[in-house]
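Take a look at the structure set out below.
FYI, the numbering just counts along the sequence from 1. Just so you know, ligand 1 is whichever comes first in the structure, and atom 1 is the first atom listed for that ligand. The figures that follow rest on heavy atoms only: side chains count, while hydrogens, waters and symmetry mates do not. Owing to the predicted nature of the structure, the values given are computational and were not obtained by experimental measurement.
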Amino acid sequence: MTGIVYKSTGSWYTVKTDNGTVYECRIKGKFRIKGIKSTNPVSVGDQVDFKLETNNDRETGVIENIRERRNYIIRKSVNLSKQTHIIASNIDVVFLLITLNNPPTFTAFIDRFLVTAEAYDIKAVLLFNKIDTYDEEELLEIKYLAALYREIGYECIGISAKTGKNIGKVKSLMEEQVSMFSGHSGVGKSTLVNLIEPNLSLKTAEISGQHQQGQHTTTFAEMYDLSFGAKIIDTPGIKGFGIVDMEKEEVGDYFPEFFELKQQCKFNNCLHINEPKCAVKEALDNEEIAWSRYKSYLQILEGEEEHYRKNNYDEE
Ligand SMILES: Nc1nc2c(ncn2[C@@H]2O[C@H](COP(=O)(O)OP(=O)(O)OP(=O)(O)O)[C@@H](O)[C@H]2O)c(=O)[nH]1
Ligand SMILES: [Mg+2]
Ligand SMILES: [Zn+2]
């Protein structure tokens with residue numbers, strides 16, 4: 001039999017077949033995927049082959065094979081730098097929820113997220129959530145950020161998961177697609193799922209503390225079938241994305257506005273740092289490329305994660 005993994009809780013995986021039947025499945029033996037040292041062998045979104053067995057009078061499944069993944073989003077473990085966790089796989093659109101100050105989302109985080117999406121060729125959309133809470137100055141900042149990312153080619157929508165503002169636009173991007181909501185804890189991912197599909201009643205919680213942090217209310221990724229022919233994966237809040245096994249020369253290719261200029265650099269392997277006649281540096285000087293983007297680029301090149309984590313106020 002074959003189905004899609006909707007949820008994984010420890011050693012059991014919830015798998016739904018094409019005709020909608022749900023089986024609890026476990027894995028036997030080891031699955032190793034070349035090049036990924038992941039803490040979870042099977043992830044939400046995986047298409048798996050399984051056989052049925054009877055387990056205490058209950059019909060359960062044993063996963064025997066994972067079909068090749070079209071793509072996946074991974075998170076690097078903060079402590080064991082080589083360990084990774086696959087958040088979800090086989091995604092059509094990934095939505096990043098961004099809030100300015102409750103909790104704060106920094107451009108370093110947004111840019112790492114976008115690099116990950118570019119590297120795996122997943123369409124990324126930026127959702128500036130909680131716009132019902134911002135004063136005029138904050139709204140200007142959102143406008144500035146949205147213009148910056150739109151210019152690069154990313155779709156940006158200001159939304160409110162509370163008032164429903166612009167939710168129709170989000171829904172239309174989700175139709176017939178497998179989508180994933182991502183972002184820091186407390187940005188409103190589960191609230192947004194509830195707004196779109198109220199009968200799901202996912203657990204949400206108010207942000208708290210001096211730094212206005214979320215409370216990590218959602219603890220594992222789960223996929224839901226929505227009434228308008230969409231699948232959504234709600235995920236736990238994350239602190240950072242690992243940029244996995246990327247060559248230095250490759251990083252600039254995942255900044256679309258840098259990539260576009262690359263051919264005009266004098267050296268075809270230009271890293272845009274201090275090479276002569278670098279079109280990216282020229283564009284930066286002419287303010288055609290944002291400093292925040294260039295800074296994120298340098299941080300990724302240098303693997304400067306310390307700084308990046310500090311900026312997120314995160315201690316794990
Ligand atoms: N005012 C306002 N509050 C919002 C909005 N969206 C979410 N919230 C609130 O923000 C808090 C956090 O929302 P959640 O949906 O739990 O956040 P989450 O991203 O799922 O967080 P984790 O599961 O911890 O990753 C809740 O108190 C929500 O009511 C919004 O658009 N406007
Ligand atoms: Mg949540
Ligand atoms: Zn260059």
Side-chain angles (χ1 to χ4, degrees), residues 7 44 75 87-88 95-105 109 127-135 138-139 142 157-167 170 180-198 200-209 211-224 232-240 248-253 255 257-286 288-289 293-294 297-298 301 312 314 316:
K7 180 167 128 182
V44 171
R75 171 168 66 74
I87 302 171
F95 292 90
L96 180 66
L97 276 77
I98 296 164
T99 50
L100 274 193
N101 45 24
N102 40 15
T105 306
F109 176 80
L127 300 179
F128 294 89
N129 191 30
K130 307 197 186 184
I131 53 169
D132 58 294
T133 65
Y134 297 132
D135 63 24
E138 290 166 328
L139 284 175
I142 299 274
I157 311 174
I159 64 162
S160 169
K162 193 172 180 185
T163 67
K165 172 131 180 142
N166 283 337
I167 298 308
V170 178
M180 171 179 147
F181 287 162
S182 192
H184 290 317
S185 178
V187 293
K189 300 176 292 293
S190 302
T191 306
L192 183 57
V193 176
N194 283 340
L195 180 85
I196 289 171
E197 199 83 22
L200 287 175
S201 305
L202 304 187
K203 211 169 129 195
T204 65
E206 277 180 25
I207 54 170
S208 67
H211 293 308
Q212 295 295 289
Q213 294 291 289
Q215 305 199 44
H216 293 280
T217 313
T218 305
T219 49
F220 47 82
E222 182 163 0
M223 179 145 76
Y224 302 94
I232 180 68
I233 304 170
D234 185 23
T235 64
I238 45 163
K239 295 161 166 84
K248 270 189 162 41
E249 290 74 26
E250 226 181 319
V251 177
D253 295 351
F255 283 73
E257 75 275 42
F258 294 18
F259 183 68
E260 210 173 275
L261 291 170
K262 189 178 165 180
Q263 293 227 314
Q264 294 166 40
C265 292
K266 182 172 180 195
F267 298 105
N268 60 12
N269 59 350
C270 186
L271 284 177
H272 325 305
I273 300 173
N274 42 29
E275 294 92 338
K277 300 219 166 111
C278 166
V280 170
K281 289 295 288 274
E282 270 167 36
L284 187 68
D285 287 341
N286 298 334
E288 289 152 10
I289 281 179
R293 293 278 290 169
Y294 189 67
Y297 169 72
L298 291 183
L301 269 196
N312 279 321
D314 275 321
E316 202 172 41

Atom CG in Leu271, atom CG in Leu298: separation rounded to 0.5 Å?
10.0 Å
Under the side-chain contact (heavy atoms from CB on, under 4.5 Å) rule, collect the residues that match up with Glu260, sequence neighbours excluded.
none
Under 4.0 Å from one or more heavy atoms of Asn129, ligand 1 contributes atoms 5 (C), 6 (N), 31 (O)
Please write down residue, atom name and distance for the protein heavy atom closest to atom 14 (P) of ligand 1.
Thr191 OG1, 3.4 Å
Sub-3.5 Å N/O-N/O distance, Gly186 and ligand 1:
yes
Do any of the N, O or S atoms of Ser190 sit under 2.8 Å from the Mg ion (ligand 2)?
yes
Are any of the N/O atoms in His216 less than 3.5 Å from those in ligand 1?
yes
Could you tell me whether some N/O pair between Thr133 and ligand 1 is separated by less than 3.5 angstrom?
no
Check each of Lys165, Lys130, His184, Lys189 against atom 18 (P) of ligand 1 and report the one with the nearest heavy atom.
Lys189
Tyr134 side chain near Asn101 side chain, heavy-atom distance below 4.5 Å
yes
Using side-chain contact (heavy atoms from CB on, under 4.5 Å), reason through Ile273 and Leu301 one step at a time and then give a plain yes or no.
CA-CA 10 Å; Ile273 300 173; Leu301 269 196; 3.7 Å; yes
For Ala161, counting its heavy atoms only, list the atoms of ligand 1 lying under 4.0 Å from any of them.
6 (N), 30 (C), 31 (O)
Looking at ligand 1, does any of its N/O atoms fall within less than 3.5 Å of an N/O of Gly237?
yes
Min side-chain heavy-atom separation Tyr294-Phe258 under 4.5 Å
yes
Heavy atom under 4.0 Å from ligand 1: found in Thr204's side chain, backbone, both, or neither?
both
Atom 24 (O) of ligand 1 has as its nearest protein heavy atom Ser185 OG, 2.6 Å
Closest protein heavy atom to atom 17 (O) of ligand 1, given as residue, atom name and distance to 0.1 Å:
Gly188 N, 3.2 Å
Would Lys165 and Ile131 satisfy side-chain contact (heavy atoms from CB on, under 4.5 Å), going step by step from the backbone distance to the final call?
CA-CA 9 Å; Lys165 172 131 180 142; Ile131 53 169; 4.0 Å; yes
Using a 4.5 Å cut-off on heavy atoms from C-beta on, say whether the side chain of Phe255 contacts that of Ile289.
no
Could you name all protein N, O or S atoms found under 2.8 Å from the Zn ion (ligand 3)?
Cys265 SG, Cys270 SG, His272 ND1, Cys278 SG
Given side-chain contact (heavy atoms from CB on, under 4.5 Å), test Met180 with Ile87 step by step and report yes or no.
CA-CA 10 Å; Met180 171 179 147; Ile87 302 171; 4.0 Å; yes
Using a 4.5 Å cut-off on heavy atoms from C-beta on, say whether the side chain of Phe109 contacts that of Ile238.
yes
Would you give the length of the straight line joining atom CG of Leu100 to atom CD1 of Ile142, rounded to the nearest 0.5 angstrom?
3.5 Å
Check each of Thr191, Asn129, Asp132 against Ser160 using the side-chain hydrogen bond (donor to acceptor under 3.5 Å, both in side chains) test, and report the only one that passes.
Asp132
Nearest 0.5 Å, what's the OG1-CZ distance between Thr235 and Phe220?
12.5 Å
Does ligand 1 come near enough to Asp234 that some N or O of the ligand is less than 3.5 Å from an N or O of the residue?
no
Within-4.5 Å side-chain heavy-atom neighbours: Ile196 and Phe181
yes
Option set Ser190, Ser182, Ala205, criterion heavy-atom distance to atom 16 (O) of ligand 1, minimum:
Ala205
Would you mind listing which atoms of ligand 1 come within a distance below 4.0 Å of any non-hydrogen atom of Asp132?
1 (N), 2 (C), 30 (C), 31 (O), 32 (N)
Going by the 4.0 angstrom heavy-atom rule, the piece of Lys162 near ligand 1 is both
Hey, is Thr218 touching ligand 1 through its side chain, its backbone, both or neither, going by heavy atoms under 4.0 Å?
both
Got Cys278 and Phe267 here, is their nearest side-chain heavy-atom distance under 4.5 Å?
no
Rounded to the nearest 0.5 Å, how far does NE2 of His184 lie from CG of Leu96?
8.0 Å
Does Thr217 bring an N, O or S atom to within less than 2.8 Å of the Mg ion (ligand 2)?
no
Taking distance alone, with N or O pairs closer than 3.5 Å, would you say Lys203 contacts ligand 1?
no
Can you sort out which atoms of ligand 1 are near Glu206, meaning under 4.0 Å from one of its heavy atoms?
27 (O)
In Å, rounded to the nearest 0.5 Å, how long is the span from CD of Glu222 to CG of Leu200?
9.0 Å
